[in-house]
Number of protein chains: 2
Amino acid sequence: MAMPATNGSVAPTEVEAAFDIDVAAIRRSSTADQVAQVLRAKITEGALPPGTPLPEVSLADSLGVSRNTIREALRILAREGLVEHHLHRGAFVAVLDEEDIADIFRVRRIIEASAAEAAVDADPERLRPLREAAEQMVAAAAAGDASGVVAGDIEFHRRLVSLLGSSRLNRFFEGMQGELWLCLAMVARSESESQAMAAKHLELCEALEHGSSPTAARGQILDHLVPCEVELSEIARDLGERRAKLAR
Amino acid sequence: MAMPATNGSVAPTEVEAAFDIDVAAIRRSSTADQVAQVLRAKITEGALPPGTPLPEVSLADSLGVSRNTIREALRILAREGLVEHHLHRGAFVAVLDEEDIADIFRVRRIIEASAAEAAVDADPERLRPLREAAEQMVAAAAAGDASGVVAGDIEFHRRLVSLLGSSRLNRFFEGMQGELWLCLAMVARSESESQAMAAKHLELCEALEHGSSPTAARGQILDHLVPCEVELSEIARDLGERRAKLAR
DNA sequence: GCCTGGTGAAATGATGAACAATCCGAATCG
DNA sequence: CGATTCGGATTGTTCATCATTTCACCAGGC
C-alpha cells in the first residue's frame, strides 16, 4: 500500500533500492502539513498553552496562508488530538484533564507491557536504539538540558513500542505522546529529578537487555509507568485548577 | 431559533436528556462529515472497490456539494485509513496488502489479548453486550444474512476491546476495523461457514464468562484470531493478484 | 523496436472573496 | 435584577480563479 509508485510489474531493481528512501523524502509536504507542523511545534513547546483559541483568520493572516489551508491544518491537528474542534466555535489547543491522562496511561500500560515482552526475546542489536536514547537522556541531564531529557524520554518509549513492529501502533502511540507533550511543556523539573529520571531509564534498559522472563519485563515497565502517571496527573489537575480560577 | 429548540444556554434538564442522543447527532453533522459518512458507507459495502480513484470534481458534482467540502471529507477518510491521499494525484480507496493485514493483526493480538484478560475478572454484567453480539451473529447466520454476521463479528470485537475502558483505544480499534472492512466487503462466505463462525464466537464468549485464568483467556483469543488472519491474508493476496492482472 | 524527450490536457493545490448560519457578549427592557 | 433581544465576530460553505503537478500521448534518436 505505501510502496513507492514505481513500475507495477517488473521486479524491484538495484536502481530502485538505492533511491527507495529518497523518493519518500522528495514528496514535499503540502502547505497545510507545513502549517500543521509549525502549530504543532508552537503547542508542544508551550508557546500556545492549552485552551488557547486558534482563530482561523488571524492564523491565516499571521502565517501568510489562506483560511482554507489553515482549516486543513487544524483538521490535521484535531485528528492528532492536539486541538479540539467545536462546531461553529472554532479550534482550541486541547486541554488534558485527569481522565485523559488516566486514559492515555491505560493504553500505555497495555502497549508498553507487550513491547517489554517483545524486548526480552529480541535480537540484542534491536535494543541498541533504546540504550542510545537512554544515554542521550543521561547526557542531557548532566548538561542541565531539561527539554533534552524530556525528548529522550519520549524517544525511548517510542523506540520501545517500535519493537512490536507495527506501523499503525507506532503512529497511534506517537499521537498519544503528542498529547502528553501538552502537559510536559508545562512542567519544570529540577536538575536532580532529571538525572534521577535518566538513570531510571538506563536502569530499565539494562534490565531489558539482560532480560529474565517476559512477566518480569512486564512488571518492570508497569512499575516504571506508575510514578510518571501520578506526576502528569497532578500537573493536569493543577493546570485545570489554574484555568478555572483564571476563568472566574 | 426556528426549528427544534436546541436551547443554547439553559442547564441540561430532563428535557435535554430525552433528546440527548439526537442533539449529539445533529450537532456532529457538518456537511463534510455527512459526505464522509456517505463515502464510508459506499466503501465498506463494496460499492467502491479498493483502488478506485475518487476525483474531487465528479464527487462534488454527483453529491451536490462544493469541491472544498469534498476535500475535507476525503481528508477525514484519509485519516481513518479508508482512502489514500497522494500529493497532486488525488484520493483512492485504500488498498490493503498482506503486510497491512499482518500489521493490523499484530495490533489486534496485543489489544484483544489484554481485553480478554480484563474480561475474566470483570463484572459478569459487563460481558452481556458481548454475548448479545454473539447471539446476534447466530441469528443472522441462521437467517442467511451474511453481512449481518460480519457486522456482528465487528461489533463483538469492538465490545471486547471496550472492556479495557479507554476511549482512545476504542477509536483506534474502530479505525482499524474500518480498514478491515475493505477486505470483508469482498468476501462471500457460505452459509455453513457463517454458522461456524457465529458458533465460534458464542463459544468464545462462554469461555470468557466462565473465565478460568488470564493466560487461558489470552490463549483463546489468540487462537481465535489465527484463522481470521490467514483468511483475510488470502483475500488480500487474491485481490492484489486480480488487480495486478487487471492493470496489465 | 525501445527508450528518451517534449507537449498538452486534466486533476489537484492553493488563494481570495462572498454569503449564510451560528455563537457570544452587551445593551435593552420589563 | 433577570430575561430578552440585538449586533459584532467567527465559523461553515460555496464559488471562481490561478499555479503546479501528473499523466498520457506523440515525436524523435539510438
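All chains are named by letter (A, B, ...) in the order of the sequence lines, taking the proteins before the strands, and each is independently numbered beginning at 1.
- Rounded to an integer number of Å, the gap from CG of A:Leu59 to P of C:dT15 is 14 Å.
- Going from atom CD1 of A:Ile76 over to atom P of C:dG13 covers 12 Å, rounded to whole Å.
- Of the charged side-chain nitrogens involved, at least one lies within less than 4.0 Å of a carboxylate oxygen, so that B:Glu125 and B:Arg128 count as a salt-bridged pair.
- In the model, B:Thr31 has no side-chain atom that pairs as donor or acceptor with a side-chain atom of B:Asp33 under 3.5 Å.
- Of the residues in residues 60-75 of chain B, those placing a heavy atom less than 4.0 Å from an atom of DNA chain D are B:Val65, B:Ser66, B:Arg67, B:Asn68, B:Thr69, in numerical order.
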Requested in this report: Evaluate the criterion side chain to side chain donor-acceptor pair (under 3.5 Å) for residue pair A:Ser166 and B:Asp103; output intermediate values, then yes/no.
Outcome: CA-CA 5 Å; A:Ser166 164; B:Asp103 192 83; 3.1 Å; yes
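- Rounded to an integer number of Å, the gap from CG of A:Leu87 to P of D:dT10 is 17 Å.
- Going from atom NE2 of A:His85 over to atom P of D:dT10 covers 15 Å, rounded to whole Å.
- Side-chain N or O atoms of A:Ser233 include none that pairs as donor or acceptor with a backbone N or O of A:Glu229 at under 3.5 Å.
- Under 3.5 Å, the side chains of B:His157 and B:Glu112 contain a donor-acceptor pair of N or O atoms.
- For the pair B:His88 NE2 and C:dA11 P, the interatomic distance rounds to 15 Å; values are reported in whole Å.
- Side-chain N/O atoms of B:Thr31 include one lying less than 4.0 angstrom from OP1 or OP2 on D:dT13.
- When rounded to the nearest whole Å, the span between NE2 of A:His86 and P of D:dG12 equals 11 Å.
- Open room surrounds CD on A:Gln37; 12 or fewer heavy atoms of other groups in view lie less than 6.0 Å from it.
- For the pair B:Arg89 and C:dA11, the criterion of a side-chain N or O lying under 4.0 Å from OP1 or OP2 is not met.
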